[in-house]
Amino acid sequence: MKKILIANRGEIALRVMRTARKMGIRTVAVYSEADRDALHVRYADEAVLIGPAPSSASYLSIDKVIKAAKLTGADGIHPGYGFLSENAEFARAVERAGITFIGPNAHSIELMGSKLAAKEAVKDYNIPMVPGVDEAIIDVDKAKRIAKEIGFPILIKASAGGGGKGMRIVEDAASFEPQMDRAVSEAISAFGDGSVFIEKYIGSPRHIEIQILADMHGNVLYLFERECSIQRRHQKVVEEAPSAIVTPEIRKRMGAAAVRVAQACDYVGAGTVEFLMDQDKNFYFLEMNTRLQVEHPVTEMITGLDLVEQQIRVARGEVLSFFQEDLKITGHALELRIYAEDPLNDFLPSVGTLDTYVTPSGEGIRLDDSYEEGMTIPIYYDPMIAKLVTYGSNREEAIQRMREAIDAYHIKGAQTTLPFGKFVCDHEAFISGNFDTHFIKNYYSKEHILEQQGTEMAVAAKAGLRFFLEERDRLRVNNRIPSSWKNNR
Ligand code: ADP
Ligand code: ADP
Ligand code: MG
């Protein structure tokens with residue numbers, strides 16, 4: 001592979017290009033009209049304009065992406081995450097064009113893209129599943145009966161769902177039917193597929209996922225877990241590796257289960273098997289994401305591996321150069337997703353122009369971003385500005401570095417999840433490791449952030465006053481120093 005096209009934008013496009021460059025591979029960017037000045041376009045060796053701002057006419061256009069690859073002579077395509085990364089038709093079209101798709105085969109993507117097909121595929125592999133039905137609901141009365149057996153609350157889920165969308169909690173039998181109707185119509189409009197099923201609603205779950213890596217020669221390894229329980233709208237905001245509650249024994253069992261899920265779909269490349277863990281530390285298979293995950297950096301920090309490099313090597317047909325026994329966890333890593341969202345207003349998008357954009361750096365800090373001061377966050381795409389990753393020899397150190405990195409990060413022009421990240425790092429539940437996916441509902445309110453900001457402003461004002469008083473005294477002293485002495489210094 002000599003030249004790869006990155007069918008994506010933003011931080012992930014840049015991140016993939018950095019590894020490609022490190023490996024001596026040339027890079028091709030694709031971009032929409034909204035991204036003419038984007039950093040991934042500047043960083044790439046070549047760049048091809050593929051259409052207007054809306055994703056459907058640019059980053060989601062299979063034809064345009066493949067045309068750009070042919071035009072530039074790219075022999076590999078990396079899809080990143082989101083966009084076409086979990087589109088089996090795209091993977092097939094890439095291969096048909098004689099280009100290597102840096103990802104799993106189309107069959108695995110298809111199978112795991114449907115939560116129902118995935119459950120069906122792993123059925124014979126002894127994988128613990130959330131109680132529920134494992135087929136699309138056609139007969140509502142029957143579904144209601146099963147829901148009663150499982151016990152309310154239950155969750156209605158869209159089989160084709162993703163990105164935290166397409167889920168509805170049903171509290172009791174009376175609201176089953178109306179919720180069901182809504183879930184089906186939402187699934188049709190959001191995913192073009194009205195298939196829904198039900199799962200027991202796990203009351204106090206943690207989201208814990210396993211990174212896996214497989215080559216074309218039958219080797220499948222697990223790269224340990226990531227804890228992703230700090231979520232809003234069923235979407236992750238803070239992730240870490242390892243999890244504060246996973247013991248070596250549970251890790252081994254979850255790892256082995258994840259490997260079996262990968263084997264069930266003949267998986268090749270990097271993938272993630274997501275699990276829910278209940279209060280008794282029982283874990284249940286949720287779904288598999290057949291791509292590089294947003295939060296993959298925390299795994300890279302604790303394993304020392306470059307997952308994009310591994311993806312490229314596997315796609316070239318190489319055998320994995322290490323065994324399960326060679327892998328070990330060193331230290332602890334945290335990731336905060338910095339979204340242009342307002343934590344004071346229900347985490348609603350708050351895009352704008354980054355009038356101030358000053359980033360932290362230093363030991364134990366990794367920043368994956370794609371912005372510079374003065375740039376505008378486009379309204380067309382995911383509003384994530386950056387992923388702030390901190391590493392420490394243990395969890396406390398990683399958390400302390402995150403606090404300091406957040407303080408050193410200055411953004412003006414958009415509201416962001418930075419102050420929320422600070423709130424999490426300072427919260428007793430997070431620090432003690434005793435939290436679940438309801439962290440925000442249970443502990444967070446905007447008053448905390450306002451209070452925090454108020455305290456910070458008071459501290460800043462005090463510090464400013466002290467500085468002024470000290471400076472004033474020093475200036476006076478300096479003025480009295482004889483000029484001859486000053487010159488001798
Ligand atoms: P991850 O699963 O890697 O932790 P997310 O769930 O946030 O991360 O999804 C990764 C990216 O893909 C995000 O940009 C998200 O908006 C997008 N995404 C995931 N699933 C869908 C979907 N079904 N429809 C639209 N966008 C999606
Ligand atoms: P998506 O494809 O949108 O990522 P997932 O099945 O991975 O959907 O679930 C996303 C999140 O929704 C989980 O991390 C968890 O917070 C919540 N969730 C999903 N299924 C359940 C369940 N059965 N009980 C409780 N929470 C759930
Ligand atoms: Mg998921």
Side-chain angles (χ1 to χ4, degrees), residues 81-82 85-87 109-122 127-134 137 143 146-147 149-171 179 183 186-187 190-193 195-212 225-240 243 245 254 258 261 271-296 335 337 347 382 435-442 444:
Y81 56 71
S85 63
E86 290 173 284
N87 187 316
I109 299 177
E110 209 147 54
L111 214 53
M112 294 296 159
S114 151
K115 294 189 203 298
L116 282 170
K119 281 179 194 257
E120 181 64 33
V122 306
I127 308 294
M129 309 251 218
V130 186
V133 299
D134 51 9
I137 294 168
I146 297 171
E149 276 166 35
I150 300 170
F152 288 94
I154 57 111
L155 198 58
I156 302 180
K157 285 174 116 168
S159 179
K165 294 177 200 92
M167 274 178 262
R168 277 190 169 269
I169 301 170
V170 186
E171 302 285 351
Q179 290 288 50
E186 270 174 18
F191 311 109
D193 174 358
S195 316
V196 300
F197 61 100
I198 56 180
E199 262 178 16
K200 181 174 178 57
Y201 182 70
I202 311 279
S204 174
R206 298 176 73 123
H207 175 118
I208 298 178
E209 58 187 34
I210 303 283
Q211 174 70 52
I212 68 108
E225 80 278 6
R226 290 183 291 257
E227 160 99 50
C228 313
S229 301
I230 310 284
Q231 308 180 341
R232 48 106 186 71
R233 297 188 284 268
H234 302 301
Q235 268 192 312
K236 308 152 186 170
V237 196
V238 177
E239 299 105 339
E240 64 180 311
S243 161
I245 59 152
M254 288 184 93
V261 170
T272 296
V273 182
E274 298 189 329
F275 295 97
L276 276 189
M277 188 176 274
D278 68 17
Q279 278 169 308
D280 302 321
K281 296 200 182 178
N282 299 305
F283 59 87
Y284 308 96
F285 172 62
L286 258 190
E287 63 161 347
M288 178 169 193
N289 292 328
T290 55
R291 55 173 162 88
L292 192 65
Q293 201 96 343
V294 175
E295 59 275 20
H296 76 278
E335 175 182 279
R337 298 191 191 189
F347 294 89
D382 191 88
F435 57 91
D436 61 25
T437 57
H438 303 301
F439 179 88
I440 291 184
K441 190 182 80 192
N442 291 346
Y444 176 72

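Quick caveat, the model's predicted, so the values are computed rather than measured. The first residue in the sequence is number 1, and the count goes up from there. All ligand and atom numbering here is 1-based and tracks the order in the structure.
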**Student:** Which of the atoms in ligand 2, numbered in the order shown and given with their element, are less than 4.0 Å from a heavy-atom of Met167?
**Tutor:** 3 (O), 8 (O), 9 (O), 10 (C), 12 (O), 19 (C)
**Student:** Without hydrogens or angle criteria, can the side chains of Asp436 and Ser204 be said to hold a donor-acceptor pair below 3.5 Å?
**Tutor:** yes
**Student:** Answer yes when Glu287 and Lys157 have at least one side-chain N-carboxylate O distance shorter than 4.0 Å, and no when they do not.
**Tutor:** no
**Student:** Nearest heavy-atom pair of Ile150 and Gly132: which atoms, and what distance?
**Tutor:** CD1-CA, 3.5 Å
**Student:** Heavy-atom distances under 4.0 Å are what count here, so tell me which part of Thr437 touches ligand 2: side chain, backbone, both or neither.
**Tutor:** side chain
**Student:** Identify, by atom number and element, the atoms of ligand 2 in contact range of Gly162, meaning under 4.0 Å from any of its heavy atoms.
**Tutor:** 1 (P), 2 (O), 3 (O)
**Student:** For ligand 2, is Lys157 a contact, meaning one of its heavy atoms is under 4.0 Å away?
**Tutor:** yes
**Student:** Which option wins on minimum heavy-atom distance to atom 3 (O) of ligand 2: Ser229, Gly132, Gly164?
**Tutor:** Gly164
**Student:** Determine whether any heavy atom of Lys115 lies closer than 4.0 Å to an atom of ligand 2.
**Tutor:** yes
**Student:** Looking only at N, O or S atoms, find the one in Glu274 nearest to the Mg ion (ligand 3) and name it.
**Tutor:** OE1
**Student:** Only counting residues at least two apart or in another chain, list the ones meeting ring pair (Phe, Tyr, Trp, His ring centres under 6.0 Å) with Phe347.
**Tutor:** Phe420, Tyr444
**Student:** Glu287 heavy atoms, cut-off 4.0 Å: which ligand 2 atoms fall inside?
**Tutor:** 1 (P), 2 (O), 4 (O), 5 (P), 7 (O), 8 (O)
**Student:** Check Lys236 against ligand 2 and report side chain, backbone, both or neither, counting heavy atoms closer than 4.0 Å.
**Tutor:** neither
**Student:** Considering the heavy atoms of Lys200, write down every atom of ligand 2 situated less than 4.0 Å from one of them.
**Tutor:** 22 (C), 23 (N), 24 (N)
**Student:** Which of these, Asp278, Leu276, Asp436, has its nearest heavy atom closest to atom 26 (N) of ligand 2?
**Tutor:** Leu276
**Student:** Angle between ring planes, Tyr201 versus His438, binned at 30° and 60°: parallel, tilted or perpendicular?
**Tutor:** tilted
**Student:** Are any of the N/O atoms in Ile202 less than 3.5 Å from those in ligand 2?
**Tutor:** yes
**Student:** What N/O/S atom of Glu287 is the closest to the Mg ion (ligand 3)?
**Tutor:** OE2
**Student:** Between atom CD1 of Ile212 and atom CE of Met288, what is the distance when rounded to the nearest 0.5 Å?
**Tutor:** 4.0 Å
**Student:** For the pair Lys236 and Glu274, find out whether any cationic side-chain nitrogen is under 4.0 Å from an anionic carboxylate oxygen.
**Tutor:** yes
**Student:** Do Ser229 and Thr437 come close enough that some side-chain heavy atom pair is under 4.5 Å?
**Tutor:** yes
**Student:** Should you measure from each heavy atom of Gly163, which atoms of ligand 2 turn up under 4.0 Å away?
**Tutor:** 3 (O)
**Student:** Using a strict cut-off of less than 4.0 Å between a Lys/Arg side-chain nitrogen and an Asp/Glu carboxylate oxygen, indicate whether Glu335 and Arg226 qualify as a salt bridge.
**Tutor:** no
**Student:** Quick check on contacts: which atoms of ligand 2 are under 4.0 angstrom from a heavy atom of His207?
**Tutor:** 13 (C), 14 (O)
**Student:** Does a salt bridge link Glu225 with Arg206, judged by any charged N lying under 4.0 Å from a carboxylate O?
**Tutor:** no
